[in-house]
Every structure is written in structure tokens, then in C-alpha cells.
Asks: 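First, the structure itself, so that you have it in front of you.
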Amino acid sequence: MRFVTITSGKGGVGKSTISANIAYLLSMYGYKTAIFDADIGLANQDIILNVKPDFTILDVMKGEIPFKECVVKINNNLYLIPGESGEEILNFKNEELLENFYKGIEEFEDFDFLIIDTGAGIGESVQSFIKAATDTIVVTVPDPAAIMDAYSMIKYSAKIKDMLYLVLNRVKNKKEAQEIFAKIQNVAKKHIDEPIELELLGYVQNSPLVEECSKRRCLLARDQASSIPALQIADIVKKLTDSLTKDGEHIKETPNIAVFFKRLLQQI
Ligand SMILES: Nc1ncnc2c1ncn2[C@@H]1O[C@H](COP(=O)(O)OP(=O)(O)OP(=O)(O)O)[C@@H](O)[C@H]1O
Ligand SMILES: [Mg+2]
């Protein structure tokens with residue numbers, strides 16, 4: 001199972017939008033996918049996916065409901081795990097309840113992907129999600145402040161990862177995405193001591209359609225499937241799934257979902 005943490009240095013760069021659309025497309029391609037909303041922000045996954053969860057993962061950890069009751073089915077292959085702020089989840093330390101939590105989660109072992117939508121910045125919870133992930137995607141937009149913040153995120157991540165994916169969002173075109181990626185790669189090579197492999201996973205152009213979709217609570221990849229930004233997200237997903245077969249070696253071991261949450265909560 002792959003655990004894909006989607007993160008960014010600066011806020012509002014499109015993490016939640018991209019996470020939801022990646023997760024949706026994976027589900028359409030036949031991968032059993034869960035999206036874990038590990039952030040409380042303006043664009044929560046429940047809003048993007050237009051569902052109203054009754055519970056969150058914290059209710060499960062408190063022992064109030066079994067894990068499967070917090071999970072919201074979006075379609076046959078796509079499930080939402082509603083979160084709380086990462087800090088609240090990670091500070092939860094009741095061993096006995098946690099054991100039950102891990103047991104409940106084992107039912108979900110047959111998933112192919114867990115897409116984790118985190119908050120912005122290098123907070124403690126985001127660090128833990130990066131550590132526990134098999135794949136990390138850093139999203140940035142072209143503005144210089146966002147690029148600087150993405151660079152800081154890469155610098156931090158280089159301490160714990162040897163490979164990171166980048167997604168350039170809200171770019172004019174492919175050329176701009178490639179230029180920004182090359183700049184980031186150069187700066188990283190010069191100024192980051194640890195070896196870190198960066199790969200441009202893809203880009204999404206700046207498009208009013210994306211914003212309109214957020215406002216109308218539709219899902220771009222479903223409701224505007226043939227639009228250019230939706231096709232660009234489809235390219236990202238294709239590259240991600242191709243790497244499953246082509247480039248498995250950067251993943252030393254792929255844990256199951258219970259092991260993932262154990263690692264996350266014990267912050268190994
Ligand atoms: N390619 C794009 N073109 C135009 N608008 C976009 C694009 N990508 C995202 N947006 C818009 O940017 C806004 C922020 O997106 P989103 O909520 O996904 O960002 P985020 O990184 O998850 O934010 P936060 O850090 O608050 O969690 C939304 O209104 C979304 O519609
Ligand atoms: Mg978000």
C-alpha cells in the first residue's frame with residue numbers, strides 16, 4: 001500500500017484540491033483509495049467531496065466509535081477518513097485505546113493508496129506525516145514566497161527522505177513549470193547537504209475552472225473531466241501509478257495501514 005503525503009511550504013497553493021482530484025482519479029482507475037484529511041483549513045475535504053461526515057478519526061481514537069464508522073464512502077473505490085488538526089491526533093496517547101484503533105483499522109488493509117492532505121508548513125504533525133509516508137509530494141505555485149517556502153520544506157525533508165515529488169500548480173504552461181523546477185533543483189543541489197532526489201511529478205495550469213469548481217463544490221476530475229487542468233492532474237496520477245511498477249526500489253518496504261498509523265502515532 002502506498003501512503004502519499006501531500007504537503008506545501010506556503011498555504012493555499014492547492015494541496016486539498018490536488019489531493020481530492022488525485023484520489024478520485026486513482027479510484028476511477030480501479031485503485032482502492034482513501035483520502036485522509038489531516039488538516040483543518042478552509043477547503044476541507046468534506047467540503048470538496050461534498051459529504052457531511054458525522055465523526056472524525058479523533059472520535060475513533062477516543063474509543064467512541066469503531067474505525068469503520070468514521071469512514072465515508074464516496075464511491076466504490078474511494079473513501080474519506082475525516083481528520084482533525086494533525087496536532088490533536090498526534091497528541092493522543094492512550095495506549096489501550098490506540099491498540100483498539102489499530103485493530104479496527106486492519107479491516108482496511110486491502111487499500112492501494114492512502115492520500116494524506118496535510119496543512120501547510122513544517123509543523124510537527126506535517127513532519128510526522130512526511131516521515132511515515134512512502135511518497136511525499138510538495139506542491140508549490142510560481143510566486144517567489146511560495147517557492148522559498150517549498151525550498152525550506154525540501155531542505156527539511158532531505159533529512160528524512162531521499163526522494164521527493166514536486167507538483168507545480170497555477171503555472172502558465174509546462175515551460176514555466178519546468179523552469180521553476182530546474183531553479184529549485186539547482187538551489188537544492190548547491191545548498192542542501194543531504195542527497196535528495198527531486199522529481200517533477202507534474203503541473204496544473206492556473207485556471208478559473210479550478211476555482212469555480214471549488215466554489216460550486218464540484219470535483220474537477222469528475223465534473224470537468226475533459227478540461228485541461230483535469231487532464232493535467234490525470235497526467236500526475238499516471239506518473240504516480242507508473243512509478244509503482246517502474247521505480248519501486250525507492251520504497252524499501254510498504255507497510256499496511258495499521259503499521260502506517262502506528263509509525264505515525266509513535267513518531268518513529
Ligand atoms: N490550478 C488552479 N487554478 C486556479 N485556482 C486554483 C488552482 N489550484 C487551486 N486553486 C484555488 O486555490 C484555492 C486554494 O486551494 P486549496 O484549498 O486546494 O489549497 P490548500 O493548499 O489546500 O490550502 P490550505 O493551505 O489552506 O490547506 C482554492 O480556491 C482553489 O480553487
Ligand atoms: Mg488544504
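Indexing begins at 1, ligand by ligand and atom by atom, following the structure's order.
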Asks: What are the atoms of ligand 1, with element, lying closer than 4.0 Å to any heavy atom of Thr17?
Replies: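 Per the distance check, 15 (O), 16 (P), 18 (O), 30 (C).
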Asks: Which of the numbered atoms in ligand 1 are under 4.0 angstrom from any heavy atom belonging to Gly11?
Replies: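 Going through ligand 1 atom by atom, the ones under 4.0 Å from Gly11 are 25 (O).
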Asks: Evaluate Val13 for polar contact with ligand 1, using N/O atom pairs at a separation under 3.5 Å.
Replies: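 Between Val13 and ligand 1, an N or O pair is found under 3.5 Å apart.
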Asks: Geometry only, no angles: is Val204 polar-contacting ligand 1 at N/O separations under 3.5 Å?
Replies: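 No, no N or O pair falls under 3.5 Å.
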Asks: Nearest to atom 8 (N) of ligand 1 by heavy atom, Asp37, Asn169, Thr118: which?
Replies: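 Checking each option, the heavy atom nearest atom 8 (N) of ligand 1 is found in Asn169.
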Asks: Is there any N or O on Gly12 that sits under 3.5 Å from an N or O of ligand 1?
Replies: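 Gly12 vs ligand 1: N/O contact under 3.5 Å present.
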Asks: Counting heavy atoms only, which part of Ser214 comes closer than 4.0 Å to ligand 1: side chain, backbone, both or neither?
Replies: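 Only the side chain of Ser214 comes within reach of ligand 1.
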Asks: May I ask you to check whether Asn77 and Thr33 show a side-chain donor-acceptor distance below 3.5 Å?
Replies: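 Short answer, no.
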Asks: Can you tell me if CD1 on Ile65 sees more than 12 non-hydrogen neighbours from other groups inside 6.0 Å?
Replies: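 Counting neighbours around CD1 of Ile65, more than 12 heavy atoms of other residues, nucleotides or ligands fall under 6.0 Å, so yes.
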Asks: When rounded to the nearest 0.5 angstrom, what distance separates OG in Ser243 from CG in Asp135?
Replies: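 Separation between the atoms: 6.0 Å.
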Asks: Which of these, Lys10, Lys15, Arg170, has its nearest heavy atom closest to atom 6 (C) of ligand 1?
Replies: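 Looking at heavy atoms only, Arg170 sits closest to atom 6 (C) of ligand 1.
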Asks: For Asn206 and ligand 1, does the shortest N/O to N/O distance drop below 3.5 Å?
Replies: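 Yes, Asn206 has an N/O under 3.5 Å of an N/O on ligand 1.
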Asks: Please determine whether Ser16 has a backbone or side-chain N, O or S atom lying under 2.8 Å from the Mg ion (ligand 2).
Replies: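 So Ser16 counts as coordinating the Mg ion (ligand 2), yes.
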Asks: Enumerate the side-chain hydrogen bond (donor to acceptor under 3.5 Å, both in side chains) contacts for residues 60-70, please, sequence neighbours excluded, ordered by first and then second residue.
Replies: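 Residue pairs passing side-chain hydrogen bond (donor to acceptor under 3.5 Å, both in side chains), neighbours aside: none found.
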Asks: So, for Asn169 and Gly14, which heavy atoms are closest and what is the spacing to 0.1 Å?
Replies: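 Looks like ND2-CA, 3.7 Å.
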Asks: Is there a donor-acceptor pair under 3.5 Å between the side chain of Gln45 and the backbone N or O of Ile35?
Replies: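 Not a single qualifying donor-acceptor pair exists.
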Asks: Using distance alone, decide if ligand 1 has a nitrogen or oxygen within less than 3.5 Å of any nitrogen or oxygen in Asp117.
Replies: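 So ligand 1 has no N or O lying under 3.5 Å from an N or O of Asp117.
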Asks: Going by the order shown, which atoms of ligand 1 are within less than 4.0 Å of some heavy atom of Gln205?
Replies: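 Near Gln205, meaning under 4.0 Å from one of its heavy atoms, ligand 1 has 1 (N), 2 (C), 3 (N).
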Asks: Heavy-atom count around Met28 CE within 6.0 Å, excluding the residue itself: above 12?
Replies: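 More than 12 within 6.0 Å, yes.
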Asks: With sequence neighbours excluded, give me every salt bridge (Lys or Arg N to Asp or Glu O under 4.0 Å) pair touching residues 174-187.
Replies: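 Output for this query lists Lys172-Glu176, Lys175-Glu179.
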Asks: Test your reading of the structure: does Ser8 have an N or O sitting under 3.5 Å from an N or O of ligand 1?
Replies: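 It does not: no N or O of Ser8 is found under 3.5 Å from an N or O of ligand 1.
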Asks: Determine, using heavy atoms of Ser207 and all atoms of ligand 1, whether some pair is separated by less than 4.0 Å.
Replies: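 The answer is yes: ligand 1 sits under 4.0 Å from a heavy atom of Ser207.
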Asks: Could you establish whether Pro229 and ligand 1 come within less than 4.0 Å of each other, counting only heavy atoms on the residue side?
Replies: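 No; Pro229 lies far enough from ligand 1 that no heavy-atom distance drops under 4.0 Å.
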Asks: Checking Arg170 against Thr140: is there a side-chain donor and acceptor pair closer than 3.5 Å?
Replies: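 No pair is found: no donor N or O on one side chain lies under 3.5 Å from an acceptor on the other.
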Asks: Would Val126 and Met153 count as a side-chain contact (heavy atoms from CB on, under 4.5 Å) here? Give the steps.
Replies: CA-CA 10 Å; Val126 174; Met153 176 64 86; 4.2 Å; yes
